[in-house]
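Excluded from the calculations below are hydrogen atoms, water molecules and symmetry mates; all remaining heavy atoms, backbone and side chain alike, are included.
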Amino acid sequence: MTRRTEATNTEATYGWVERAFHWSIAVLILTALVLGKLASDAPYASDAELSRKAFLFSFHKTVGVTIFLVALARIVWAVSQPRPKPLHGGIEGFAAAAVHWLLYGSLVLVPLLGWAHHATSQGFAPIWWPYGVLPDLPKDPVLSERLGILHVIFVRVLVVSLLLHIAGTLKHIVIDRDKTFARMWSGAEPEALSAARPHVLPVAVAGTVWAIALGVGLALTPPEGTAAPAGSTAVGGASNWTVEEGTLSISVTQMGSAVTGSFADWQAAIDFDETPLTDGTNGTVEVSVATGSLTLGSVSTQATSADFLSSEAFPTATFDAAIRAEGEGYVADGTLDLRGVTIPLVMPFTLDLEGDRAVMAGQVMLDRRDFGMGETYPDESSVGFGVTVDVALTAVRSDAVTDR
């Protein structure tokens with residue numbers, strides 16, 4: 001049995017470059033699968049556990065990008081090389097070709113979807129150098145959720161394809177006792193080759209499987225994502241303005257990176273007039289927020305858990321304040337009731353009034369420790385103490401103005 005040490009392929013067997021690509025990717029795939037499982041199952045109830053979980057996810061993502069780049073290099077090399085003929089034709093040869101095409105496609109699609117999911121989310125586990133310089137995509141929680149589901153679905157296609165590939169290899173070793181494995185392991189040249197010619201049908205089969213996987217993934221994600229519907233909270237204060245559109249968002253620092261998210265369900269009752277009242281204020285505002293409607297990238301579940309917002313025990317947060325002019329803008333001076341804790345809070349904001357339309361933007365900084373959040377995270381190595389709250393809305397004056 002002859003063994004080849006040349007770099008290039010022949011009609012009978014593989015050169016050392018193709019074999020190096022094959023086994024490098026095999027090791028990388030197994031590493032990524034193990035890391036992905038460990039990262040998903042890892043707890044995050046303490047600072048140390050969160051650090052470990054972030055490390056595992058970063059390791060997993062970095063290996064995934066490496067697979068993508070190595071797979072592209074392998075494809076470029078394979079296109080430039082003759083394709084060794086199979087040792088078997090017929091149904092077995094057809095099935096082997098279809099599985100190979102599934103694997104080739106998965107090596108590109110799975111890491112590409114994983115990277116896109118990471119890039120569109122407010123993730124807390126960065127991709128390591130040198131891939132940290134990869135371009136970001138627009139942050140979109142709905143798109144990120146869809147990409148994450150598609151990534152998981154295509155991982156399953158990859159795993160099934162890999163298992164079929166391994167099963168076929170074992171058949172060649174144990175039952176057929178031919179040189180199929182040996183020519184990829186050491187470049188051994190077999191005695192006989194199949195007369196079967198390449199066919200487009202295995203490619204079509206692989207494409208059909210990918211199309212089905214894509215359809216399943218898209219069907220599993222509702223068109224509007226999983227955020228709680230807006231409008232289910234209620235406010236009972238006086239209001240002579242109607243909010244047309246607005247966002248209530250927060251930004252926290254996790255593992256050294258800013259993570260931004262927003263509440264989907266919140267309501268504001270605004271009773272405001274440009275002319276000050278006798279008490280010197282310009283009115284009042286009452287805001288009610290459904291804490292469980294927070295979407296905060298890949299840490300949404302953690303943010304609404306008992307360690308932080310505890311949305312099951314405290315489903316609603318409220319802010320009641322008087323509005324008064326201060327400097328060139330205004331402030332909302334009142335109290336915030338969050339997670340069973342009430343603290344005084346003053347939020348400065350700008351207000352652009354044009355007739356019966358108002359555009360408001362405000363920002364305030366909170367400290368999670370004031371509300372007993374993240375007590376198992378005693379320092380800022382994993383989760384920062386500060387939480388930046390941003391409010392932006394457009395409101396129109398109501399037709400029926402409250403008697404003041």
- [ ] Decide salt bridge (charged side-chain N to carboxylate O under 4.0 Å, His left out) for K85 and E189; before the verdict, give the C-alpha distance in whole Å, the side-chain angles of both, and the deciding distance to 0.1 Å.
- [x] CA-CA 11 Å; K85 288 186 176 181; E189 296 195 13; over 6 Å; no

Open item on the list: Can you confirm whether I25 sits close enough to L107 that some side-chain heavy atom of one is under 4.5 Å from a side-chain heavy atom of the other?
Closed with: yes

TODO: Determine the interplanar angle of the W185 and F181 rings, folded into 0 to 90°, and report it as parallel if under 30°, tilted if 30 to 60°, perpendicular if over 60°.
DONE: parallel

Open item on the list: Taking side chain to side chain contact (heavy atoms under 4.5 Å, CB included) as the criterion, tell me which of L30, T31, I29 meets it with V27.
Closed with: T31

Task: Residues T316 and S288: side-chain donor-acceptor under 3.5 angstrom - done: no

Open item on the list: Can you confirm whether T260 sits close enough to K139 that some side-chain heavy atom of one is under 4.5 Å from a side-chain heavy atom of the other?
Closed with: no

TODO: Using a 4.5 Å cut-off on heavy atoms from C-beta on, say whether the side chain of T8 contacts that of Q81.
DONE: yes

Task: Pair D307, S305: side-chain N/O donor-acceptor within cut-off below 3.5 Å - done: no

- [ ] Answer yes or no: is there a side-chain heavy-atom contact under 4.5 Å between H172 and H88?
- [x] yes

Task: Pair L28-T66, side chain to side chain contact (heavy atoms under 4.5 Å, CB included): steps then yes or no - done: CA-CA 8 Å; L28 288 169; T66 303; 4.0 Å; yes

Task: W101 atom CH2, neighbour heavy-atom count above 12 within 6.0 Å - done: no

- [ ] Would you list the pairs meeting salt bridge (charged side-chain N to carboxylate O under 4.0 Å, His left out) in which at least one residue belongs to residues 332-351, sequence neighbours left out?
- [x] R324-D333

Open item on the list: Assess the residue pair E375 and R369 against the criterion (salt bridge (charged side-chain N to carboxylate O under 4.0 Å, His left out)); give the C-alpha distance rounded to whole Å, side-chain angles, the decisive distance to 0.1 Å, and a yes or no.
Closed with: CA-CA 8 Å; E375 292 181 342; R369 296 171 295 180; over 6 Å; no

Open item on the list: Any non-hydrogen side-chain atom of M347 less than 4.5 Å from a side-chain atom of Q363?
Closed with: no

Task: Check: L113 and V152 side chains under 4.5 Å, non-hydrogen atoms - done: no

Task: Pairs touching residues 307-330 that satisfy ring pair (Phe, Tyr, Trp, His ring centres under 6.0 Å), sequence neighbours left out - done: F272-Y330, F308-Y377, Y330-F349

Task: Any L87 side-chain heavy atom under 4.5 Å of R183 side chain - done: yes

TODO: Let me know which of L366, L338, V389, D320 forms a side chain to side chain contact (heavy atoms under 4.5 Å, CB included) with L345.
DONE: L366

Open item on the list: Under a 3.5 Å threshold, yes or no: a donor from one side chain and an acceptor from the other, between T247 and S262?
Closed with: no

Task: Face-on cation placement of R368 at F385 ring, 6.0 Å and 45° thresholds - done: no

TODO: Using a strict 4.0 Å threshold on nitrogen-to-oxygen distance, state whether R83 and E11 make a salt bridge.
DONE: no

Open item on the list: Taking the six-membered ring for Trp, are F59 and W128 closer than 6.0 Å centroid to centroid?
Closed with: yes

- [ ] May I have the step-by-step check of side chain to side chain contact (heavy atoms under 4.5 Å, CB included) for D390 and I250, ending in yes or no?
- [x] CA-CA 6 Å; D390 285 283; I250 67 170; over 6 Å; no

TODO: Answer yes or no: is there a side-chain heavy-atom contact under 4.5 Å between L214 and W210?
DONE: no

Task: Given T284, I323, V285, the one that forms side chain to side chain contact (heavy atoms under 4.5 Å, CB included) with D271 - done: T284

